[in-house]
Amino acid sequence: MPASIQSLQQMAIFVTVVTGGGCSMMYYLMQKNFARSEHYRSALEHLSGHSGAMESLGAPPLKVHNIHLTDRYNRMDQSSAQLKIPVTGSKTGGYLYTSSNKDHLINRWCLQEVILQLKDGQRIDILRSGTKAPDHPEELDTGAGF
């Protein structure tokens with residue numbers, strides 16, 4: 001017995017909804033995985049501890065947005081990671097560019113570079129400025145968009 005057009009349409013809609021939901025869930029889980037990584041958190045702690053960068057953004061509060069998964073800058077493997085994290089404050093926004101290597105002897109990620117690139121073109125080198133990351137960053141909102 002051949003399927004009716006109406007049942008084929010319903011099946012197509014069902015498959016589309018399930019596929020879209022699956023893709024959305026995968027995107028969410030990938031974002032959450034990035035946000036939990038040691039190098040991601042460490043870079044944000046260094047940013048929140050840098051008074052000049054925070055002042056330039058107009059933070060606190062600092063809003064951290066989803067990483068663009070299609071951006072080719074964002075890469076991660078077993079021994080290195082490179083991220084471009086969108087951040088905003090009340091004045092302006094920009095991207096926090098990070099580069100990290102994993103030290104397999106101590107099984108920890110070591111930041112190599114953390115640079116804040118503001119929308120106006122200003123670049124602030126967070127690691128080279130000599131400020132220390134706080135132990136407990138205040139008003140750091142990493143839940144935006146997750």
Side-chain angles (χ1 to χ4, degrees), residues 7-146:
S7 65
L8 288 174
Q9 287 174 335
Q10 288 174 346
M11 186 185 298
I13 290 170
F14 175 76
V15 168
T16 301
V17 169
V18 168
T19 302
C23 290
S24 297
M25 179 61 78
M26 183 62 96
Y27 183 85
Y28 169 78
L29 291 173
M30 289 174 76
Q31 291 291 341
K32 197 172 180 180
N33 191 32
F34 274 118
R36 279 191 259 162
S37 66
E38 179 184 356
H39 50 87
Y40 180 97
R41 299 292 304 161
S42 180
L44 290 175
E45 288 172 2
H46 275 84
L47 173 61
S48 67
H50 191 285
S51 58
M54 293 293 280
E55 185 178 318
S56 294
L57 284 167
L62 177 66
K63 295 238 183 238
V64 181
H65 305 280
N66 284 337
I67 291 173
H68 303 281
L69 297 176
T70 56
D71 190 328
R72 292 181 186 260
Y73 186 86
N74 295 319
R75 288 183 272 193
M76 188 171 154
D77 59 32
Q78 297 296 329
S79 61
S80 65
Q82 188 174 296
L83 297 175
K84 179 179 170 184
I85 306 168
V87 294
T88 55
S90 61
K91 289 182 187 175
T92 188
Y95 291 99
L96 187 65
Y97 289 89
T98 71
S99 178
S100 305
N101 290 325
K102 187 161 190 171
D103 185 342
H104 293 286
L105 294 175
I106 59 173
N107 199 29
R108 300 224 44 192
W109 287 92
C110 301
L111 288 171
Q112 303 299 311
E113 180 177 66
V114 180
I115 296 176
L116 176 64
Q117 173 83 42
L118 298 174
K119 288 181 182 177
D120 66 4
Q122 180 184 2
R123 291 175 56 94
I124 302 170
D125 193 337
I126 306 296
L127 284 182
R128 306 292 182 251
S129 65
T131 60
K132 185 177 183 271
D135 292 332
H136 302 287
E138 296 175 8
E139 298 187 49
L140 180 63
D141 180 9
T142 60
F146 289 112

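Positions are given from 1, in the same order as the sequence printed here. Values below: all heavy atoms of this structure, side chains included; hydrogens, waters and symmetry mates excluded.
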Enumerate, atom names and distances included, each donor-acceptor pair closer than 3.5 Å involving a side-chain atom of residues 105-117, sequence neighbours excluded.
{"unit_1": "Asn107", "atom_1": "OD1", "unit_2": "Lys102", "atom_2": "NZ", "d": "3.2"}
{"unit_1": "Arg108", "atom_1": "NE", "unit_2": "Glu38", "atom_2": "OE2", "d": "2.9"}
{"unit_1": "Arg108", "atom_1": "NH2", "unit_2": "Glu38", "atom_2": "OE2", "d": "2.9"}
{"unit_1": "Gln112", "atom_1": "NE2", "unit_2": "Cys110", "atom_2": "O", "d": "3.2"}
{"unit_1": "Gln117", "atom_1": "OE1", "unit_2": "Arg123", "atom_2": "NH1", "d": "3.0"}
{"unit_1": "Gln117", "atom_1": "NE2", "unit_2": "Gly121", "atom_2": "O", "d": "3.1"}

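In this structure, the side-chain contact (heavy atoms from CB on, under 4.5 Å) partners of Thr19, at least two apart in sequence or on a different chain, are Val15, Cys23. With sequence neighbours left out, the side chain to side chain donor-acceptor pair (under 3.5 Å) criterion links Tyr27 to Gln31. Annotation: side-chain contact (heavy atoms from CB on, under 4.5 Å) contacts of Ser90 (sequence neighbours excluded): none. Residues forming a side-chain contact (heavy atoms from CB on, under 4.5 Å) with Met30 (at least two apart in sequence, or on another chain): Met26, Leu69. For Tyr95, there are no ring pair (Phe, Tyr, Trp, His ring centres under 6.0 Å) partners at least two apart in sequence or on another chain. In this structure Ser7 satisfies the side chain to side chain donor-acceptor pair (under 3.5 Å) test together with Ser4, sequence neighbours excluded. For Val17, the side-chain contact (heavy atoms from CB on, under 4.5 Å) partners are Ile13, not counting sequence neighbours. When the side chain to side chain donor-acceptor pair (under 3.5 Å) test is applied to Ser99, no partner is found at least two apart in sequence or on another chain.
Atoms OH and CG, from Tyr97 and Asp125 in turn, are 14.0 Å apart once rounded to the nearest 0.5 Å. Atom CD1 of Ile67 sits about 10.0 Å away from atom CE of Met76, to the nearest 0.5 Å. With values rounded to the nearest 0.5 angstrom, Ser24 atom OG is found 11.0 Å from Leu29 atom CG. Rounded to the nearest 0.5 Å, atoms CD1 (Ile126) and NE2 (His50) are 4.5 Å apart. Distance check, rounded to the nearest 0.5 Å: CD of Glu45 to CZ of Arg41 gives 6.0 Å. Atom CG of residue Leu96 and atom CG of residue Leu44 lie 6.0 Å apart, to the nearest 0.5 angstrom.
Here the shortest heavy-atom pairing between Gly52 and Ile124 reads O-CD1, 4.5 Å. Contact between Tyr73 and Leu83 at its shortest, heavy atoms only, is CE2-O, 3.2 Å. Residues Leu118 and Ser56 share a closest heavy-atom pair of CD1-CB, 3.7 Å. The minimum heavy-atom distance between Asn74 and His68, with the atom names listed, is ND2-O, 2.9 Å.
A heavy-atom distance below 4.5 Å is found between the side chains of Val87 and Leu57.
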Given Asp103 and Asn101, is the side-chain contact (heavy atoms from CB on, under 4.5 Å) satisfied, shown in steps? CA-CA 6 Å; Asp103 185 342; Asn101 290 325; over 6 Å; no
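Looking only at atom types and distance, the side chain of Ser79 has no donor-acceptor partner in the side chain of His104 under 3.5 Å away.
The list of salt bridge (charged side-chain N to carboxylate O under 4.0 Å, His left out) pairs with a residue in residues 13-30, not counting sequence neighbours, is empty. Evaluation of the salt bridge (charged side-chain N to carboxylate O under 4.0 Å, His left out) test over residues 79-100, restricted to residues two or more places apart or in two chains, returns Asp71-Lys84.
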